[in-house]
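Notes follow the structure.
What you are looking at is a predicted structure, and each value in this text was computed from that prediction instead of being measured. Along the sequence shown, residues are numbered consecutively beginning with 1.
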Amino acid sequence: MRTGQEADLKAKEVMQDDYSYDRVPTEKRNMGWFSITNITFGIATAIFYFQMGSVMALQFGAVNAIISAIYAIIVAGILGTIIAYLSAKSGMNVNLLSRGGFGYIGASLTSFIYASNFIMYCAFEGMILVAAIHAFFPIIPVWLLIIVFGSIVIPLNWFGIKQLDKLQKWSLPIFGVFLISTIIVAFNKTSIYDGSFWTYMPKGVQAGGTALLLCIGMQHGIMGLTALLASDYARFLKPKDIKIGSFMIGFVPQIFCFGVMGGLGIWFGVRLGESNPGVYIVSLLGLGGVLFTLLTQIRINITNIYSASLSLSNFFENMFKFKPGRRFWIVVAGVISMALMLGGILDHLDTAMTFQGVFLLTWAAILVTDALVVKKRLKIGPDYFEARQKNLYKWNPVGVVPLIVASVIGTIAALGYMGTFLQSTAAFFAAILASILTIIFAVLTKGKYYSKCKADDIPEKEYIAS
């Protein structure tokens, strides 16, 4: 009897280990920076970055693709480092960090859109895998591959952050072997382009100008996501590792995403004359290429589903008091992802990334501005983060108004209605606009809507200014 009770208690403890609804307790922030950085490398090693680099190089020239990658590393790295730091200090992910600045209903809307983005990316990444396997085994129907490989990430996510740590640790060395093998085989293959890869430029395209702006616009589609994503894992960081951990979790993966993986994508694309990594990796390594693609896409999709489940948990708990547990939302996210794959989500990739880039970069800018400028410099509102509904208002105009206004204007710009320059820089433009509006509304409201009362149980070391 006692054994059964102990098992039930242990199961409940495992279920609570992801802390979807509140801050991670100090005693549970026990993961080292290396372990958490390793988990985030599941995102950084996605083949999607190969594809972005290859597409940009072949369409707009290698030098423009390289410059845009440097820009992405710097901007996403700075945002990611700051957000990882805030998350590590407070023990909260971005869904919970947003509750005070947006109100708990306002933050629910950001959580829902955030979850939608992860589910879409899970579908995008899943289709890269399905395409690679179908190219090698055309006899297997696409729908069957979607169901099989769409389902496999569900059990791999069942036990949360600890399971992710183990999966990413054992799979990273295997990924390294495959990556080096792909580089060696491609290096020994005669290049389609005679010159050095960074000098490649399509006819009629020049370095800088519109071509560079278009590359930067493509980078904006993913930069906000990679910056915000750090918070889902940084909240488990040991307090003594906060400084180095924030940089390692927030900045270093951006170097690998846009610099290493994106840079290799540029090189592969120019050398092989092909933009689809699902095609050229399989052509280089054969069955090994299929296995390489399988490994990378599973690594990225378990993190996509993990973050989606946290955001869905947050949204439904806030809006409807519905708390079935994170595992329920793992299944929901996985099923929706498979439905999107079966429905041809790749046909709408450009539209999805346009809105996503604007919204996520805007949200990241508001979070950073609210913490570093409004709370820390202007001393408006509480200098800590509060996530409990009983202490919060439903809406806070400081976050909600800038998000809506900047996202709408940014999307209009991204769709081309405000000229070529703003079309390509729409996400950055929206982020700057949102930052300015956040400061204005904080001053106008004098921080009235952050919290109904001052919390007296927040540890001193969790204060922003500490």
Side-chain angles (χ1 to χ4, degrees), residues 41-74 76-77 124-125 128-129 131-132 135 172-208 211-212 214-223 226 252-286 288-297 299-300:
F41 263 69
I43 305 128
T45 56
I47 286 179
F48 181 79
Y49 297 103
F50 279 172
Q51 187 157 15
M52 283 187 63
S54 298
V55 168
M56 286 189 289
L58 292 176
Q59 289 187 8
F60 307 116
V63 67
N64 290 318
I66 292 169
I67 295 171
S68 74
I70 295 170
Y71 162 83
I73 290 169
I74 294 171
F124 295 151
E125 302 285 0
I128 292 176
L129 171 58
L172 186 60
I174 302 173
F175 165 83
V177 171
F178 273 123
L179 180 62
I180 292 169
S181 300
T182 307
I183 294 170
I184 291 171
V185 174
F187 185 79
N188 289 319
K189 190 177 179 68
T190 303
S191 175
I192 290 177
Y193 177 64
D194 292 334
S196 299
F197 82 97
W198 59 80
T199 65
Y200 174 80
M201 195 72 67
K203 286 184 179 179
V205 176
Q206 296 179 341
L212 176 58
L214 289 170
C215 286
I216 288 173
M218 289 182 67
Q219 301 285 17
H220 282 156
I222 188 68
M223 284 165 54
T226 58
V252 173
Q254 317 300 340
I255 297 173
F256 207 87
C257 287
F258 303 105
V260 177
M261 295 295 285
L264 284 171
I266 296 169
W267 182 71
F268 284 134
V270 172
R271 189 170 188 84
L272 304 172
E274 171 60 56
S275 63
N276 188 340
V279 173
Y280 59 67
I281 290 176
V282 173
S283 70
L284 290 171
L285 299 183
V290 175
L291 296 175
F292 183 27
T293 306
L294 174 64
L295 178 70
T296 59
Q297 300 315 95
R299 279 171 58 83
I300 178 63

> To the nearest 0.5 Å, how far apart are CG in Leu179 and CD1 in Ile183?
Replying inline: 4.0 Å
> If only atom types and distance count, is the side chain of Asn276 paired as donor or acceptor with the main-chain N or O of Ile128 below 3.5 Å?
Replying inline: no
>> Taking the side chain as everything from C-beta on, heavy atoms only, tell me whether Pro202 gets closer than 4.5 Å to Gln59.
In response: no
> Shortest non-hydrogen contact from Ala65 to Met56?
Replying inline: CB-CB, 3.8 Å
>> Does any part of the side chain of Tyr200, heavy atoms only, come nearer than 4.5 Å to the side chain of Trp267, both counted from C-beta?
In response: no
>> Looking at every heavy atom in both Ala211 and Gln206, which two are closest together, and how far apart are they?
In response: CB-O, 3.8 Å
> CD1 of Ile192 to CD of Glu274: how many Å apart, nearest 0.5 Å?
Replying inline: 9.0 Å
>> Restricting to non-hydrogen atoms, name the atom on Ser68 and the atom on Leu212 that form the minimum distance, rounded to 0.1 Å.
In response: N-CD1, 4.1 Å
> side chain to side chain contact (heavy atoms under 4.5 Å, CB included) between Leu284 and Leu272: does it pass, once the steps are laid out?
Replying inline: CA-CA 10 Å; Leu284 290 171; Leu272 304 172; 3.8 Å; yes
> Roughly how far, to the nearest 0.5 Å, is SG of Cys257 from CD1 of Ile222?
Replying inline: 7.5 Å
> Could you go step by step and tell me if Tyr280 and Ser275 meet the side-chain hydrogen bond (donor to acceptor under 3.5 Å, both in side chains) rule?
Replying inline: CA-CA 8 Å; Tyr280 59 67; Ser275 63; over 6 Å; no
> Is there side-chain contact between Thr182 and Phe268, with heavy atoms separated by less than 4.5 Å?
Replying inline: yes
> Would you say Val270 and Trp198 make side-chain contact, with heavy atoms under 4.5 Å?
Replying inline: no
> Taking side chain as C-beta onward, heavy atoms only, is Leu291 less than 4.5 Å from Ile174?
Replying inline: no
> Just how far is it from atom CD1 of Ile70 to atom CD of Gln219, taken to the nearest 0.5 Å?
Replying inline: 10.5 Å
> Going through the distances and angles, do His220 and Ile216 end up as a side chain to side chain contact (heavy atoms under 4.5 Å, CB included)?
Replying inline: CA-CA 6 Å; His220 282 156; Ile216 288 173; 3.6 Å; yes
> Taking the six-membered ring for Trp, are Phe258 and Tyr71 ring centroids under 6.0 Å apart?
Replying inline: no
>> Keeping Thr199 on the side-chain end and Gly195 on the backbone end, is there a donor-acceptor pair under 3.5 Å?
In response: no
> Looking only at heavy atoms, which two atoms of Phe175 and Met261 are closest? And how far apart?
Replying inline: CZ-SD, 3.9 Å
> What residue among Arg299, Met52, Gln297 forms side chain to side chain contact (heavy atoms under 4.5 Å, CB included) with Ile47?
Replying inline: Gln297
> Can you tell if the side chain of Tyr49 reaches within under 4.5 Å of the side chain of Phe256, non-hydrogen atoms only?
Replying inline: no
>> Working to the nearest 0.5 angstrom, can you tell me the gap between Ile66 CD1 and Ile266 CD1?
In response: 5.0 Å
>> Given 3.5 Å as the limit, does a donor-acceptor pair link the side chain of Arg271 with the main chain of Phe187, or not?
In response: yes
> Among all residues two or more places apart in sequence or in another chain, which pass the side-chain hydrogen bond (donor to acceptor under 3.5 Å, both in side chains) test with Thr296?
Replying inline: none
>> What I'd like to find out is whether the side chain of Val63 reaches to under 4.5 Å of the side chain of Met201, using heavy atoms alone.
In response: yes
> Taking only residues two or more places apart in sequence, or in another chain, which ones meet Ser191 in a side-chain hydrogen bond (donor to acceptor under 3.5 Å, both in side chains)?
Replying inline: none
>> Rounded at 0.5 Å granularity, tell me how far CD1 in Ile67 sits from CZ in Phe60.
In response: 14.0 Å
>> Has Asn64 got a side-chain atom pairing as donor or acceptor with Gly208's backbone, closer than 3.5 angstrom?
In response: yes
>> Would you say that Gln254 contacts Ile74 through its side chain, given a criterion of any heavy-atom pair below 4.5 Å between the two side chains?
In response: no
